[in-house]
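Here is the structure we will look at, set down as structure tokens.
All heavy atoms count here, side chains included; hydrogens, waters and symmetry mates do not. Everything numeric here is computed off the predicted structure, so don't read it as measured data.
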Amino acid sequence: MRPRDPAWESRLVRFTRAERSIHHVTALLMLVCLGTAAALYFPTLSTVVGRRELLKTVHIWCGFALPVPIVLGLASRAFRADIRRLNRFAPHDWEWLKRGDRRAVHDGRGVLPVGKFNAGQKLNAAFTAGAVMLMLGTGEVLTFPDPWADRWRTGATFVHDWLFLAVLAVTAGHLWEALRDRGAMTGMLTGRVDRDWAARHHAGWVDAVQSEHVQNTNGQETGTAR
């Protein structure tokens, strides 16, 4: 009989240190971009904060730096694996979007076999990635306007401004959901989550991790027997 592994039974590794670093740096850059953009965009804030040129400089540099942690993070195997997970929509993801009881729990497990990321997280990641690319493109036109025709600059201003409002709303929603879920916050801060929390919110992921754990354990036992 295989000995029990208390560490396995209570805590699961959800994010590596590299993944958490990528998330934290990207989040910090995004929040600085949104904060400086708000101070530049809303007249009331602009008057209160002042120092418009400094805010503009910080906004530009942080905006162009946004893709850097993600590009550097591609060196991490775990991060690349999570990108593949985020880019893959399974049948249960569509069901998760359609069902009103998507977060229901039965016998300590979520009613849907949600993987490491649910459909909402996947959509949020897709929107954020697309928004960053559009913000970079339009921001480049606004920062270096000389080579561009008036219609390009006008269009870039329109897209940049409205996309800022959309990103602000989505980011606020993301923060609201994260702050309401202590398990998710713990996973992003420490890299580990409670196994019971994972079973309630990401039952499919728990099954996959458990299967991998059993295979690795059996492999080690086979190697020892030889």
Side-chain angles (χ1 to χ4, degrees), residues 1-28 69-70 73-126 128 170-171 173-225:
M1 183 176 180
R2 187 181 301 117
R4 296 176 65 184
D5 184 351
W8 152 250
E9 292 180 356
S10 61
R11 306 285 286 174
L12 299 180
V13 176
R14 184 159 174 82
F15 298 113
T16 64
R17 181 177 297 179
E19 290 179 289
R20 300 198 309 275
S21 299
I22 295 163
H23 179 273
H24 298 336
V25 175
T26 303
L28 178 61
I70 298 173
L74 294 175
S76 165
R77 180 181 300 178
F79 183 63
R80 295 197 303 272
D82 276 353
I83 289 178
R84 288 193 293 271
R85 292 186 182 99
L86 287 166
N87 286 336
R88 189 180 302 120
F89 242 70
H92 65 260
D93 289 316
W94 295 109
E95 190 174 359
W96 189 93
L97 290 173
K98 291 185 293 185
R99 289 180 59 159
D101 64 341
R102 62 178 68 95
R103 299 185 189 278
V105 176
H106 179 68
D107 290 336
R109 286 174 55 89
V111 295
L112 294 175
V114 177
K116 188 172 184 180
F117 303 103
N118 62 43
Q121 292 167 325
K122 293 178 180 181
L123 291 176
N124 178 73
T128 301
V170 171
T171 301
H174 177 69
L175 288 172
W176 170 255
E177 290 293 334
L179 292 172
R180 292 172 60 199
D181 192 335
R182 180 175 293 183
M185 286 291 292
T186 300
M188 186 50 69
L189 292 174
T190 69
R192 291 178 177 271
V193 294
D194 182 78
R195 191 171 187 269
D196 292 336
W197 174 89
R200 293 193 303 271
H201 296 276
H202 302 274
W205 175 61
V206 172
D207 292 341
V209 173
Q210 183 171 9
S211 177
E212 182 180 356
H213 176 77
V214 171
Q215 290 175 6
N216 291 339
T217 303
N218 290 339
Q220 291 173 2
E221 291 178 349
T222 302
T224 302

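- A donor-acceptor distance shorter than 3.5 angstrom exists from the side chain of S21 to the backbone of R17, with no hydrogens or angles considered.
- Evaluation of the ring-ring contact (aromatic ring centres under 6.0 Å, His included) rule for H174 yields no partner, not counting sequence neighbours.
- Annotation: side chain of L123 is in contact with side chain of L97 (closest heavy-atom distance under 4.5 Å).
- Partners of A18 under the side-chain contact (heavy atoms from CB on, under 4.5 Å) rule, at least two apart in sequence or in another chain, are T16, S76.
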Item to check | side-chain contact (heavy atoms from CB on, under 4.5 Å) between T190 and R11, worked out | outcome: CA-CA 11 Å; T190 69; R11 306 285 286 174; 4.1 Å; yes

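- Side-chain contact between E95 and V111 is absent, with no heavy atoms from C-beta onward closer than 4.5 Å.
- Judged as a side-chain contact (heavy atoms from CB on, under 4.5 Å), and not counting sequence neighbours, the contacts of V13 are R192.
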Under 3.5 Å, side-chain donor or acceptor atoms of residues 112-122 against the rest of the protein: list the pairs with distances, not counting sequence neighbours.
unit_1: K116; atom_1: NZ; unit_2: R14; atom_2: O; d: 2.7
unit_1: K116; atom_1: NZ; unit_2: D82; atom_2: OD1; d: 3.1
unit_1: K116; atom_1: NZ; unit_2: D82; atom_2: OD2; d: 3.2
unit_1: N118; atom_1: OD1; unit_2: G120; atom_2: N; d: 3.0
unit_1: N118; atom_1: OD1; unit_2: Q121; atom_2: N; d: 2.8
unit_1: Q121; atom_1: OE1; unit_2: N118; atom_2: N; d: 2.8
unit_1: K122; atom_1: NZ; unit_2: R88; atom_2: O; d: 2.6
unit_1: K122; atom_1: NZ; unit_2: D93; atom_2: OD2; d: 2.7

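- The two residues V206 and A199 have their closest heavy-atom pair at CG2-N, 3.6 Å.
- Contact check on R200 versus D194 returns no salt bridge, with no Lys/Arg side-chain nitrogen under 4.0 Å from an Asp/Glu carboxylate oxygen.
- Note that CD1 of I70 is 10.5 Å distant from NE2 of H23, once rounded to the nearest 0.5 Å.
- The heavy-atom pair separating A198 from W205 by the smallest distance is CB-CZ3, 3.8 Å.
- In this structure, H201 NE2 and R102 CZ are separated by 13.5 Å, a value rounded to the nearest 0.5 Å.
- The shortest side-chain heavy-atom distance between V209 and R195 does not fall under the 4.5 Å cut-off.
- A salt bridge links R99 to D101: one of the charged nitrogens lies within less than 4.0 Å of a carboxylate oxygen.
- Applying the salt bridge (Lys or Arg N to Asp or Glu O under 4.0 Å) test to every pair with at least one member in residues 176-191, sequence neighbours left out, gives these pairs: E177-R180.
- Shown here are the side-chain contact (heavy atoms from CB on, under 4.5 Å) partners of N87, two or more places apart in sequence or in another chain: I83.
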